[in-house]
Amino acid sequence: MTEQERIVELRHELHQHNYNYYVLNAPVISDQEFDALLRELSDLEARHPELADSNSPTQRVGSDLNQEFETVLHVRPMLSLSNTYNKAEVAEFYDRVREGLAGEDFEICCELKFDGLSISLHYEEGRLVRAVTRGDGVQGDDVTANVRTIRTIPLQLAEGTGWPRSFEIRGEVLMPWASFEALNREREAREEQLFANPRNAASGTLKSKQTAVVAERRLDAYLYYLLGDEVPADGHYENLQAARSWGFQVSEHMRKVRTLDEIYAFIDYWDTERRNLPVATDGIVLKVNSQRQQRALGMTAKSPRWAIAYKFQAEQQSTILREVTFQVGRTGAVTPVANMDPVQLSGTVVRRATLHNADFMSDLDLHLGDHVLVEKGGEIIPKIVAVDEAFITPDRGPRVEFIKRCPECGAELVRFEGEAAWYCPNETGCPPQIKGRIEHFVSRRAMDINTLGPETIDDLYNRHLIRNVADLYDLTVDQLSGFNDNRIVSARKTVKAIEDSRQVPFERVLFALGIRFVGETVAKTLARRFRDIDTLSRATLDELLSVNTIGQAIAESVIRWFADMNNIFLVERLRSHGLQFQLSQETLAAQSDRLAGKTVVISGVFVYHSRDEYKALIEQHGGKNTGSISAKTSFILAGDNMGPAKLEKAQKLNIPIVSEDEFLQMIG
């Protein structure tokens with residue numbers, strides 16, 4: 001067997017293993033065996049770049065390069081469904097269908113309404129060729145690169161299973177509860193804003209500019225509507241069963257019914273049972289099963305007459321507020337937390353709920369001992385929505401007030417203009433802030449000292465071995481092990497990881513410093529613009545604001561950080577330990593300002609480089625990528641099959657169209 005033939009064989013085999021594991025939940029090989037096959041394929045593809053395939057199983061991991069999203073027209077409009085919240089309106093829908101079909105018998109397909117982001121997948125000759133978000137129903141964003149990382153979406157359908165040559169299948173991209181809770185735990189540790197529910201998390205993830213981020217967050221997908229000129233059957237239910245046999249994940253909980261009582265029974269069952277599902281649902285979808293009858297019933301301007309969504313009511317419970325405590329995070333932000341009598345809500349016992357900030361807490365007018373209404377509904381994060389006024393008495397307990405001093409160090413709290421949060425300003429003396437900044441510094445996306453977890457950092461802090469991130473570089477094996485022979489091996493690994501972190505590039509070191517509002521992307525932007533820490537530390541407000549994507553809040557935060565002499569001393573200590581505080585010569589040599597001030601839109605299919613590579617080249621030479629054309633667009637980098645909508649708009653605005661060869665000459 002040639003290497004080319006082995007590549008084809010491995011791709012087919014790995015696609016099947018992905019399906020077995022992620023859709024059927026029935027793997028036939030171990031994770032180690034799967035990884036070995038994937039590595040073999042990756043090595044073979046590296047030796048044969050001429051056989052590159054965007055649908056290869058090796059592409060599931062995504063890329064760290066930024067991408068923009070092209071807007072494309074839907075082949076068929078993606079209309080929304082009419083919503084109803086009670087059974088009387090379901091009965092009205094049922095009667096309208098019966099009248100519209102002039103008494104003809106009909107079946108209703110009952111489905112779960114998954115709470116995620118609608119997606120349209122297009123397949124040609126069994127291969128995924130395009131994935132488009134719902135958008136406004138007429139046009140959406142092309143998110144194909146990100147969708148390829150979702151393991152339950154097949155990239156290549158198995159031969160001989162009967163799929164049509166060309167078809168569209170629609171569904172919902174969502175984030176399972178387990179992935180959602182893990183993601184929010186990570187965001188909470190980094191003091192980033194938490195996602196309110198899995199729907200928001202899935203939407204934010206699918207629109208991420210880095211496919212590697214999408215792959216990491218383990219999105220899922222359920223498909224619920226098959227369209228095309230050659231679908232197998234007239235029945236919607238039957239078509240989805242066929243799609244299941246082709247390799248698509250279709251919910252096993254669909255039911256065909258005929259009577260209103262059967263519909264009610266389906267609603268009643270899932271109103272409770274949905275809480276045991278691994279993904280979020282917010283209702284039931286009812287569809288006339290026959291596509292012939294669907295066409296006869298037709299559409300309104302906004303929605304089909306043959307389908308309706310029944311939305312579940314958000315679950316609320318009343319409980320008693322016992323205490324409000326205050327937590328201090330890495331940035332010093334103080335968050336009030338309600339502590340309540342335990343209450344069962346959406347399948348879990350809830351004892352605590354965030355009160356967000358002082359304004360939110362004040363608006364609720366909370367008093368200790370109040371009966372409060374707690375809600376989850378589609379939200380996984382419990383929240384107090386109101387005081388239960390039925391229980392308010394004249395001898396109501398004391399009003400809950402926001403604290404004025406830090407509960408950890410006693411410093412007087414401050415509030416910055418335009419912000420809702422109160423902060424502890426004692427950055428160098430407040431224990432949660434100190435430990436939080438160290439945890440951020442060692443995190444994977446920062447310095448990647450992955451052997452130092454929160455418990456170890458807490459232990460080192462309590463033993464007075466670390467008080468800031470520079471102290472990490474003075475640690476010894478004996479200090480880390482506590483002279484315990486059983487911990488020597490892990491201590492050596494930690495010392496090695498700390499040593500290796502000296503080679504982390506400047507943009508990640510800048511992110512690791514934990515300057516407020518300076519996330520990964522902003523750190524990269526600042527590093528490329530100012531090139532070293534000294535130049536950045538001297539930057540004026542106007543110089544910072546002149547940088548693309550840098551706004552007032554970020555600029556002022558950077559200036560405040562470098563105005564603090566404690567931070568200057570910290571940088572000097574880290575510099576003395578050999579950390580990278582300037583861009584490498586290799587990075588500098590590759591940069592230029594040939595595209596400075598240029599805003600570029602990329603469209604089409606290219607020969608020499610991928611779209612992601614061209615986006616990186618544009619940024620490398622001082623330009624800016626955008627996904628949509630406007631009067632501010634400098635030119636369009638166009639490959640083959642440029643989107644017709646983009647071409648028409650470019651011509652209307654007289655925006656130059658630059659070919660691949662012309663662009664490469666432009667950047668030298």
Is the backbone of [Y] close enough, under 3.5 Å, to the side chain of [X] for a donor and an acceptor to pair up by distance?
X	Y	answer
Y264	K87	yes
D220	L174	no
Q249	A221	yes
H74	T133	yes
D234	R292	yes
E168	G228	no
R170	Y225	no
W163	A158	yes
T144	A131	yes
R305	M299	yes

Nearest non-hydrogen partners of [X] and [Y], listed with the distance:
X	Y	result
G140	V132	C-CG1, 3.6 Å
L637	F606	O-CZ, 3.6 Å
P176	V279	CA-CG1, 3.9 Å
I119	E172	CG2-N, 4.4 Å
R352	V350	O-CG1, 3.6 Å
Q316	V385	NE2-CG2, 3.5 Å

Between [atom1] on residue [X] and [atom2] on residue [Y], distance to nearest 0.5 Å:
X	Y	atom1	atom2	value
M175	S203	CE	OG	10.5 Å
E238	L240	CD	CG	9.0 Å
K649	S603	NZ	OG	12.5 Å
I308	I284	CD1	CD1	12.5 Å
E9	L14	CD	CG	10.0 Å
L226	L121	CG	CG	11.0 Å

Between V288 and I108, is a side-chain contact (heavy atoms from CB on, under 4.5 Å) present by the stated rule, with each step listed? CA-CA 5 Å; V288 172; I108 295 290; 4.1 Å; yes

Which word best sums up how the rings of Y614 and H609 line up, parallel for under 30°, tilted for 30 to 60°, or perpendicular for over 60°? perpendicular

Going by atom types alone, do [X] and [Y] pair a side-chain donor with an acceptor below 3.5 Å?
X	Y	result
S82	S303	yes
D261	T259	no
N184	E181	no
T71	Q139	no
R218	S179	no
N83	E89	no

Would R217 and V214 satisfy side-chain contact (heavy atoms from CB on, under 4.5 Å), going step by step from the backbone distance to the final call? CA-CA 5 Å; R217 292 184 180 176; V214 187; over 6 Å; no

Decide, yes or no, whether a salt bridge links [X] with [Y] under the criterion of side-chain N to carboxylate O below 4.0 Å.
X	Y	result
E99	R96	no
E186	R444	no
R255	E262	no

For N146 and L219, run side-chain contact (heavy atoms from CB on, under 4.5 Å): C-alpha distance rounded to whole Å, both residues' side-chain angles, the deciding distance at 0.1 Å, then the answer. CA-CA 10 Å; N146 284 349; L219 295 177; over 6 Å; no

Centroid-to-centroid, [X] to [Y], below 6.0 Å?
X	Y	answer
Y123	F248	yes
W246	F167	yes
F106	Y94	yes

So do L277 and L112 actually touch side chain to side chain, heavy atoms under 4.5 Å? yes

With a 4.5 Å limit on heavy-atom distance, are the side chains of P304 and L81 in contact? yes

Audit row: L128, V147, side-chain contact (heavy atoms from CB on, under 4.5 Å) steps and yes/no: CA-CA 10 Å; L128 175 67; V147 163; 4.3 Å; yes

Answer yes or no: are there more than 12 heavy-atom neighbours, outside R6 itself, under 6.0 Å from its atom CZ? yes

D105 atom CG, neighbour heavy-atom count above 12 within 6.0 Å: no

Out of the candidates E107, Q293, K256, E111, only one should pair with H236 under the side chain to side chain donor-acceptor pair (under 3.5 Å) rule; please name it. E111

